[in-house]
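Worksheet for the structure shown next.
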Amino acid sequence: GTDCDGDGVCDSEEIAAGTEADCNGNQLPDACDIAAGESDCNQNGVPDACDIASGASADADLDGKPDECFVDCNANEVPDTVEVAQGLVPDCNHNGVPDACDIAAGTVTDYNGNGIPDSCPGEIVVGGSGLATIQEAITLAPAGTTIWVGPGSYAGPLSLTTKRLTLRSVDGAAATVISGAGLDTSTLTIRNAATAGTVIDGFRFVDGPVGTAEFGTRLGGAILMINTSADILRCEFVGNTSTYGGAIYAYNYSGTIEGCRFEDNRAHDDAGAVQLGFGGTFAFRDNALAGNSCGRNGGALQVVQWFDGPVTAGSISGCSFTDNESAGAGPAISWYAGIGTNLVVSDCTVEGNLGGTGALTRLATSSSTTLAFALSQSRFCRNLPRDVDGPVVDLGGNIFSADCNGNGLCDAEEIARGLATDCNGNGTLDACDLASGAAADCNGNGQPDSCDIAAGTSTDLDGNGRLDECSGEFV
């Protein structure tokens, strides 16, 4: 008999005694079969053929090797190559790895979350393993497509003129920048009725230098919209410049601009940050406009309702206008009012704006216009030379406050936050009432005497308004 392992004992004796296995019955120990080249890919000391024959291992592709010897990235006990070959899982990039595993491993991106790598044919995704530029995606995308854009910095110009699309960032404006540096046009142009319904969501537009040459001037440092409707959502506009509309110029535009931040934008003439007008219906809400400026009217926002139409209608709500400047009228809002409806301004904060007229200024484009600012639930403070120029319909809840102690905080804010007292409810800090002589404090406790009397902490038995404990009172 043979002694394949050279241990001085016949193979047949070892097999009979059970000290060596012989799974295939060839009268040779399995160890010798493996040493001679029999496959044992899982290295369990049993030839692969025996593992498969006994059912200890599966062999889905019938190649004579246990499935566990192959990559199984999704841990479903079926080799990836089998799943791909049999069409059980997609492998759009033909690398032999299921798409889901590529995505899970981070070797490709799936920014739109549809389970398909962004690099695969038919995917209109920008960044990561997808397309390199936003304009390429705009060109390729069918109308109605949502184009997801991964984090990064992208260059303009971008042009959308023939179809409705949604451009949406994956990680928001802070992580997704569109730069206009060096351009001779707007960073993004949206025009024509075919683009109606377009959405721009979650981008940071920076450094638009001049805007587009249109109507004999320059318009819209970051975005120019003409004869269209679109929603601009959760975007940031920083450091853009043009002649009109430093950040956005919208002509005959309808749509919503919401949740955006406009900072340090500049217009050489009108509308430091945004101009809306010459037709359309807009909603401008929950936006923050700070530090914008212009060489003429509308340091932050300008609305144009021209005397001969078309009618522009809209509302401004939930916005803050802070520290904007204009060399001319309306450092916060300049409104050319002709025909149409009153301009509604509600739930806004208008603070620290500086211009040649009131922070909100109506500029009548017709001597017969009766249009007015319709104000509600808004707070005005520290605006120079004043808060409003032009007629106002006061719908209630407005606060016109000062900063009587010059600490940079509006009196109304200090009172609301409990930083200062206003015991008599006149809207002026008690300390300022005392400092100006508008109220007396004969006992020197820092409270107007009238408040001491009203609170019952001091008496005024003779009713002369002076505390009984003060010098000169004989009560």
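This chain uses plain numbering: 1 for the first residue, then up along the sequence.
- Panel note: side chain Thr361, backbone Thr357; no donor-acceptor pair is recorded below 3.5 Å.
- Checked by atom type, the side-chain pair Glu325/Asn292 shows no donor-acceptor distance below 3.5 Å.
- Between Cys235 and Phe205 there is a side-chain heavy-atom pair separated by less than 4.5 Å.
- Ring pair Phe237/Phe262 is parallel by interplanar angle, where below 30° counts as parallel and above 60° as perpendicular.
- Within the 3.5 Å criterion, the main-chain N or O of Arg386 finds no donor-acceptor partner in the side chain of Asn383.
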Exercise. Stepwise, does the side-chain hydrogen bond (donor to acceptor under 3.5 Å, both in side chains) test hold for Thr212 with Ser186?
Worked result: CA-CA 5 Å; Thr212 296; Ser186 301; 2.8 Å; yes
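- Asp441 places a side-chain N or O within donor-acceptor distance of the main-chain N or O of Asn445, the cut-off being under 3.5 Å.
- Side-chain N or O atoms of Asn297 include none that pairs as donor or acceptor with a backbone N or O of Ser334 at under 3.5 Å.
- The aromatic rings of Tyr249 and Tyr244 stand perpendicular to each other, their planes meeting at an angle above 60°, with 30° marking the opposite boundary.
- Residues Val350 and Arg379 have side chains not in contact (no heavy-atom distance under 4.5 Å, counting atoms from C-beta outward).
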For this session: Using the disulfide bond (SG atoms under 2.5 Å apart) rule, take Cys348 and Cys319 through it: C-alpha gap first, then chi angles, then the decisive distance, then the call.
Result: CA-CA 5 Å; Cys348 290; Cys319 296; 4.7 Å; no
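- With Asn265 contributing its side chain and Gly246 its backbone, the two residues share no donor-acceptor pair below 3.5 Å.
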Exercise. Passes side-chain hydrogen bond (donor to acceptor under 3.5 Å, both in side chains), Asp323 versus Asn353? Steps please.
Worked result: CA-CA 5 Å; Asp323 298 330; Asn353 301 283; over 6 Å; no
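- Considering Leu140, Leu165, Leu167 as possible partners of Thr145, the one that fulfils the side-chain contact (heavy atoms from CB on, under 4.5 Å) test is Leu165.
- For the pair Leu276 and Phe284, the minimum side-chain heavy-atom distance is below 4.5 Å.
- Counted by atom type alone, Asp347 and Gln377 present zero donor-acceptor pairs between their side chains at under 3.5 Å.
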For this session: Give the intermediate values and the outcome of side chain to side chain contact (heavy atoms under 4.5 Å, CB included) for residues Leu233 and Val199.
Result: CA-CA 8 Å; Leu233 310 175; Val199 176; 4.0 Å; yes
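- We find that Asp387 and Arg382 are not joined by a salt bridge, their nearest charged nitrogen and carboxylate oxygen being 4.0 Å or further apart.
- To the nearest 0.5 Å, atom OG of residue Ser315 and atom CG of residue Asn342 are 12.5 Å apart.
- When only modelled atom types and interatomic distance are considered, Trp335 and Gln302 share no side-chain donor-acceptor pair under 3.5 Å.
- For Arg261, the salt bridge (charged side-chain N to carboxylate O under 4.0 Å, His left out) partners are Glu236, Glu263, not counting sequence neighbours.
- Scored by the side chain to side chain donor-acceptor pair (under 3.5 Å) test, Thr228 finds Thr195 as partners (sequence neighbours excluded).
- Going from atom OG1 of Thr243 over to atom NE2 of His268 covers 5.5 Å, rounded to the nearest 0.5 Å.
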Exercise. What do the steps show when you test Asn424 against Ser450 for side-chain hydrogen bond (donor to acceptor under 3.5 Å, both in side chains), and what is the final call?
Worked result: CA-CA 8 Å; Asn424 55 14; Ser450 59; 4.9 Å; no
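- The line from OG of Ser242 to CG of Leu224 is 8.5 Å long, rounded to the nearest 0.5 Å.
- Close placement of the Phe215 and Tyr251 rings is indicated, their centers lying within 6.0 Å of each other.
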Exercise. Should Leu429 and Glu414 be marked as a side chain to side chain contact (heavy atoms under 4.5 Å, CB included) after you check the CA-CA gap, both sets of side-chain angles, and the distance that decides it?
Worked result: CA-CA 8 Å; Leu429 308 187; Glu414 289 194 84; 3.5 Å; yes
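- Not one N or O on the side chain of Glu258 forms a donor-acceptor pair closer than 3.5 Å with the backbone of Arg234.
- Of all the heavy atoms in Ala313 and Thr341, the pair that sits closest is CB-OG1, 4.4 Å.
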For this session: Decide yes or no on side-chain hydrogen bond (donor to acceptor under 3.5 Å, both in side chains) for Asp452 and Gln447, but give the supporting numbers first.
Result: CA-CA 7 Å; Asp452 285 335; Gln447 286 270 89; 4.6 Å; no
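- Within the 4.5 Å cutoff, side-chain heavy atoms of Ile200 are placed close to those of Ile190.
- Put simply, the side chain of Phe321 does not reach to within 4.5 Å of the side chain of Thr349, judged on heavy atoms.
- Checked by atom type and distance alone, the side chain of Thr312 pairs as donor or acceptor with a backbone atom of Gly279 at under 3.5 Å.
- Screening Ile124, Ile147, Thr162 for a side-chain contact (heavy atoms from CB on, under 4.5 Å) with Ile138, the sole residue that qualifies is Ile147.
- When only modelled atom types and interatomic distance are considered, Thr421 and Asp430 share a side-chain donor-acceptor pair under 3.5 Å.
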